[in-house]
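First up is the structure itself, then whatever we jot down about it.
In listed order, ligands and their atoms are each counted from 1. Nothing here was measured: the structure is a model prediction, and the numbers come from that model. Numbering starts at 1 and runs along the sequence shown.
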Amino acid sequence: MLSIVDYLRLTLQCTAMADSTDETVPASKPEVFYNYRERNKCSPEENARLERQHFWNVINAFKYYRIHVHERVNRAERQFRCLPDHHQQLLTNFLPNLNKIGYCVDRNQEVLQAIVHNCLHMFENMEYGQDGDPRKVRPSTTFDMDKLKSTIKQFVRDWSEAGKAERDSCYKPIIEEIQRLFPPDQCDVSQVRVLVPGAGLGRLAWEIAHLGYSCQGNEWSFFMLFSSNFVLNRCDKENALTLYPWIHQFSNNKMSSDQTRPVSFPDVNPQSLPADSDFSMVAGDFQEVYSDPEMWDCVATCFFIDTAHNVLDYIETIWNILKPGGVWINLGPLLYHYENMANEFSIELSYEEIKAVILKYGFVLELERESVPSTYTENDRSMLKYLYDCIFFIIRKPAEQLINGDQTPKDGQTEDSLQKRSST
Ligand SMILES: C[S@@+](CC[C@H](N)C(=O)[O-])C[C@H]1O[C@@H](n2cnc3c(N)ncnc32)[C@H](O)[C@@H]1O
């Protein structure tokens, strides 16, 4: 599997990326600035080649969607036509429903086309050239098609009225704690720097910026980046667009119409940020991008830490980039992303183990809830639902660091620091 994590590293700093040729966006409109960073593992030429290839593979996946899902619909029709005539006659709604699914696929494709239409130049410091004949579409992998379908569902979670309950269960607790820890009536929130790694389609980061905090989202998936760029920079009318996120689900539907029900987005105008807001998105691998120490007052992770190959790397990065006295707010499960991927490195730890490591680094646990129920891109009409019993914690990097200078805890020092804290 080709992963963009493998070849991303910082290149340039962020500048405005207004696209004056895009008629849908008046030039005066505030833009969320996307900044591109790449990792340098192989030669720069090889990096650039792999990255370009991955970029165009993802664009191709957006274009191939329609063909892929129509093939699935055609299969359903072929199998229906294999039924004995008297069975077919009993299922009068079957083919009309398939026609409706086909219609929804085409509407989804229109939105996907709009998403990729403007992403060629979305990174202010990176261009991807051409990919042969832009009209030619190649078959995409099942892996990429699954990613695209998940991205479509992510629009429900982040930018629809239907996703409100889900957002309330996991974004709201984080936002409330940010407001409690950095109260608007006691500090200049525009000076409070909040980082949201693994920002998905950007709603949590957007909400934090909407409250006036300085907020940066970080994300490495091009599927997510293209889509968040579209919502944040190209959409300015509430519920003006429609997706059919559930058409790929042929099982566990209570009613046929559940599969084809529409979801409108965005439920809020993403352009309605305060005029002076400081909101940006940075593309790239969290660990690679964020190496500058003591930059952030708050790191907010939601359904993110289990995306690590080694969650200790994330803990170490967060320790390094937090200012002394800064806080890490985390909510999510531990569904380790790489656990079942062949040839991928993956360390799976229990929360108990993670917590012990966090304390060994010198973080101080300020709040802990071990059972916060939450869903993830849930289809509320489905007969199959997953409920995550999430961990929610707030930990603080002490203002006065116990491990002077050296950020890596040594065994003896760490035990000392823990004893020191427990005896106070
Ligand atoms: C489960 S999703 C959660 C998204 C969002 N926080 C939410 O709650 O909806 C995890 C996100 O982290 C992103 N991600 C995974 N590994 C990453 C990394 N190393 N650096 C930046 N983003 C990463 C994924 O692309 C994905 O969008």
Looking only at N/O atoms, are [X] and ligand 1 under 3.5 Å apart anywhere?
| X | value |
| --- | --- |
| Pro197 | no |
| Phe286 | yes |
| Phe303 | no |

Below 4.0 angstrom, N of the basic side chain to O of the carboxylate: do Arg396 and Glu366 qualify? yes

Using a strict 4.0 Å threshold on nitrogen-to-oxygen distance, state whether Glu352 and Lys355 make a salt bridge. no

Is the closest heavy-atom distance from Glu288 to ligand 1 below 4.0 Å? no

Is the closest heavy atom of Tyr376 to ligand 1 under 4.0 Å? yes

Which is closest to atom 6 (N) of ligand 1 by heavy-atom distance: Gly198, Ala283, Gly200? Gly198

Element-labelled atoms of ligand 1 that are located less than 4.0 Å from some non-hydrogen atom of [X]:
| X | answer |
| --- | --- |
| Tyr171 | 7 (C), 8 (O), 9 (O) |
| Tyr314 | 16 (N), 17 (C), 18 (C), 19 (N) |
| Thr307 | 10 (C), 15 (C), 16 (N) |
| Met224 | 27 (O) |
| Asp285 | 18 (C), 19 (N), 20 (N) |
| Asn218 | 20 (N), 21 (C) |
| Gly284 | 20 (N), 21 (C) |

Please report the shortest heavy-atom distance between Val289 and Ala283, naming the atom on each side. CG2-O, 4.1 Å

For ligand 1, the portion of Arg157 having any non-hydrogen atom under 4.0 Å away: side chain

For ligand 1, is any non-hydrogen atom under 4.0 Å from Gln287's backbone (N, CA, C, O), its side chain (CB onward), both, or neither? neither

Tell me, which pairs form a salt bridge (Lys or Arg N to Asp or Glu O under 4.0 Å) where one or both residues lie in residues 146-163, sequence neighbours left out? Arg157-Glu166

Distance only, no hydrogens: is a donor on one side chain within 3.5 Å (strictly under) of an acceptor on the other, for Ser264 and Asn239? no

Would you say that more than 12 heavy atoms from the other residues, nucleotides or ligands in this model lie under 6.0 Å from the NZ of Lys385, or not? yes

Show the numbers, then the answer: is there a side-chain hydrogen bond (donor to acceptor under 3.5 Å, both in side chains) between Gln249 and Ser382? CA-CA 9 Å; Gln249 180 177 326; Ser382 175; 3.0 Å; yes

Side chains of Val327 and Phe182: does their closest heavy-atom pair fall under 4.5 Å? yes

Does the plane of the ring in Tyr65 sit parallel, tilted or perpendicular to the ring in His248? Use 30° and 60° as the thresholds. perpendicular

Sorted by chain and number, sequence neighbours left out, side chain to side chain donor-acceptor pair (under 3.5 Å) with Ser346 holds for Glu348

